[in-house]
Amino acid sequence: MARRSYAKFGNADYGIWYRFAAVLVKPVTNALARTDWRGWEHLPEKGGFLAVVNHNSVIDPVFYAHWQYNSGRPPRILGKSQLFSVPFIGFMLRKTGQIPVFRESTDAAEAFRAAIDAVNGGQCVQFYPEGTLTRDPELWPMTGKSGAARVALMTGAPVIPVAHWGAHEIIPPYGKGKNKYNLFPRHKVTVAAGPPVDLSKYQGQELTAQVLRDATEDIMAAITAVLEGIRGEQAPAERYDMRRAARERAAAAAAKGERAKSNGTAEEISE
């Protein structure tokens, strides 16, 4: 797809640091993969919006940033606060206006407020609604967190679903696979956007836990639909739920412990 013209966008102010970051990052992504960019026609030309993206490799943000940069709408990415402490990387993140996320901290709400301010200021703010790399065995999007839905419903801004596929073959999630890094042969990485998520039925409603859960599921379903188009496959009917899986593992471990205890008691009696 041809590159969009920056001149079309009145707020496409990349600035010197953003352009410097692009000079550093784009040759790396081009060297690592054959990139397939799709769906820029779904991005608003003006005004703030949210880009909600699936997550299946630690290198996803690099490819997403390249795709979004080339769209003509510079992104503000919510990133783990630890990254902002890394020499040079943290410096570049701050200079390009990215938003640190402080988990389990009194500063956690700061990222939420910054995201709302950025969207209301006409910028693109990117979310990984899953909050971490997917745990789904087949790398489909799992259940999401409500932050993106909350920002979308509070601002009324468009929500654009974006899907990655291919970066996981370069760096598999959680060290899965024979090799930690698979740089050769050069892999294909696709990033695509779909039509805005329709959240109109939630507008004007009180932001209860149920409303946020339903809106979040609509967002995750839209991301999954875009990924289905890339992969040419149908996602499972039931979405992977990390919390439910943790409860099931805990229950299985407890049951195993009870069985071991019972077996030990039986052996003592037989003696």
Side-chain angles (χ1 to χ4, degrees), residues 9 11 38-56 64 67-68 71 73 75-78 99 101 108-109 111-132 134-136 139-165 191-231 233-245:
F9 303 97
N11 62 347
R38 309 179 193 175
W40 287 332
E41 68 274 12
H42 298 298
L43 304 186
E45 293 190 2
K46 295 181 180 179
F49 69 96
L50 286 71
V52 288
V53 193
N54 70 314
H55 199 10
N56 53 40
Y64 163 75
W67 175 87
Q68 187 70 61
S71 77
R73 296 296 309 268
R76 293 192 67 182
I77 299 174
L78 278 79
I99 302 172
V101 177
F112 179 74
R113 291 191 292 268
I116 289 178
D117 289 344
V119 171
N120 285 336
Q123 299 182 50
C124 162
V125 176
Q126 181 262 355
F127 285 81
Y128 284 115
E130 296 160 283
T132 187
T134 182
R135 262 69 167 187
D136 183 89
L139 302 184
W140 291 103
M142 59 181 182
T143 53
K145 299 181 183 297
S146 63
R150 186 181 291 273
V151 171
L153 295 176
M154 290 184 69
T155 61
V159 179
I160 307 300
V162 180
H164 284 279
W165 190 244
V191 183
V197 184
D198 183 6
L199 299 178
S200 59
K201 61 185 175 183
Y202 306 111
Q203 291 295 339
Q205 294 190 38
E206 182 183 355
L207 298 185
T208 62
Q210 187 61 54
V211 166
L212 291 172
R213 279 196 297 269
D214 291 345
T216 298
E217 176 51 31
D218 286 354
I219 288 171
M220 299 313 300
I223 297 171
T224 302
V226 178
L227 186 58
E228 286 179 328
I230 295 173
R231 294 175 60 167
E233 302 171 2
Q234 188 170 1
E238 186 175 3
R239 197 175 306 287
Y240 184 90
D241 187 324
M242 194 162 61
R243 291 181 179 178
R244 184 174 65 239

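Computation of the quantities below employed the complete heavy-atom set of this structure, encompassing side-chain atoms and omitting hydrogens, waters and symmetry-equivalent molecules.
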Residues V52 and A148: closest non-hydrogen pair is CG1-CB, 3.9 Å
Show the nearest heavy-atom pair for residues G122 and R73, with the distance to one decimal. O-NH2, 2.9 Å
Has the side chain of W40 got a donor or acceptor atom that lies under 3.5 Å from a matching backbone atom of A193? no
Nearest 0.5 Å please: distance from the CZ atom of R135 over to the OG1 atom of T132. 4.5 Å
Pair listing, side chain to side chain donor-acceptor pair (under 3.5 Å) test, anchored in residues 141-164, at least two apart: none
Name all pairs fulfilling the salt bridge (charged side-chain N to carboxylate O under 4.0 Å, His left out) condition that reach into residues 207-223, sequence neighbours left out, sorted by first residue then second. K201-D218, E217-R239
Are S200 and D198 close enough that a side-chain donor and a side-chain acceptor fall under 3.5 Å? yes
Say you draw a straight line from OG1 of T134 to OH of Y240; how long is it, rounded to the nearest 0.5 Å? 8.0 Å
With sequence neighbours left out, the residues meeting salt bridge (charged side-chain N to carboxylate O under 4.0 Å, His left out) with E206 are none
Which pair of heavy atoms, one from V159 and one from A152, lies closest together, and at what distance? CG2-CB, 3.4 Å
Which residues satisfy the salt bridge (charged side-chain N to carboxylate O under 4.0 Å, His left out) test with D117, sequence neighbours excluded? none
Nearest 0.5 Å, what's the CG-CD distance between L78 and Q126? 7.0 Å
How far apart are the closest heavy atoms of N54 and Y128, and which atoms are they? O-CE2, 3.3 Å
For V162 and I223, the nearest pair of non-hydrogen atoms, with its separation, is O-CG2, 3.7 Å
When rounded to the nearest 0.5 angstrom, what distance separates CD in E238 from CH2 in W140? 15.5 Å
Cation-pi geometry met for R38 and W67 (6.0 Å, 45°): no
For a side-chain contact (heavy atoms from CB on, under 4.5 Å) check, start with the C-alpha distance between R243 and M142, then their side-chain angles and the critical distance, and finish with the verdict. CA-CA 11 Å; R243 291 181 179 178; M142 59 181 182; over 6 Å; no
Please enumerate all residues that pass ring-ring contact (aromatic ring centres under 6.0 Å, His included) together with F127, with sequence neighbours excluded. none
Taking the side chain from E130 and the backbone from G144, do they hold a donor-acceptor pair closer than 3.5 Å? no
Does CD belonging to Q234 count more than 12 external heavy atoms closer than 6.0 Å? no
Please report the interatomic distance OG(S71) to CD(E41), rounded to the nearest 0.5 Å. 11.5 Å
Separation between CG of L43 and CD1 of I160, rounded to the nearest 0.5 Å: 6.0 Å
F49 and P196, any side-chain heavy atoms less than 4.5 Å apart: no
Run the numbers on L227 and W165 for side-chain contact (heavy atoms from CB on, under 4.5 Å), then give the verdict. CA-CA 7 Å; L227 186 58; W165 190 244; 3.9 Å; yes
Might you work through the side-chain contact (heavy atoms from CB on, under 4.5 Å) test for L153 and L199, ending with a clear yes or no? CA-CA 8 Å; L153 295 176; L199 299 178; 4.2 Å; yes
Nearest heavy-atom approach of R76 to A118 is NH1-CB, 3.5 Å
Pair listing, salt bridge (charged side-chain N to carboxylate O under 4.0 Å, His left out) test, anchored in residues 219-228, at least two apart: none
Is there a side-chain contact (heavy atoms from CB on, under 4.5 Å) between V119 and V151 once you walk through the steps? CA-CA 9 Å; V119 171; V151 171; 4.3 Å; yes
Backbone of P141 reached by a side-chain donor or acceptor of T224 within 3.5 Å: no
Using a 3.5 Å distance criterion without hydrogens, assess whether the side chain of Q203 forms a donor-acceptor pair with backbone atoms of G156. no
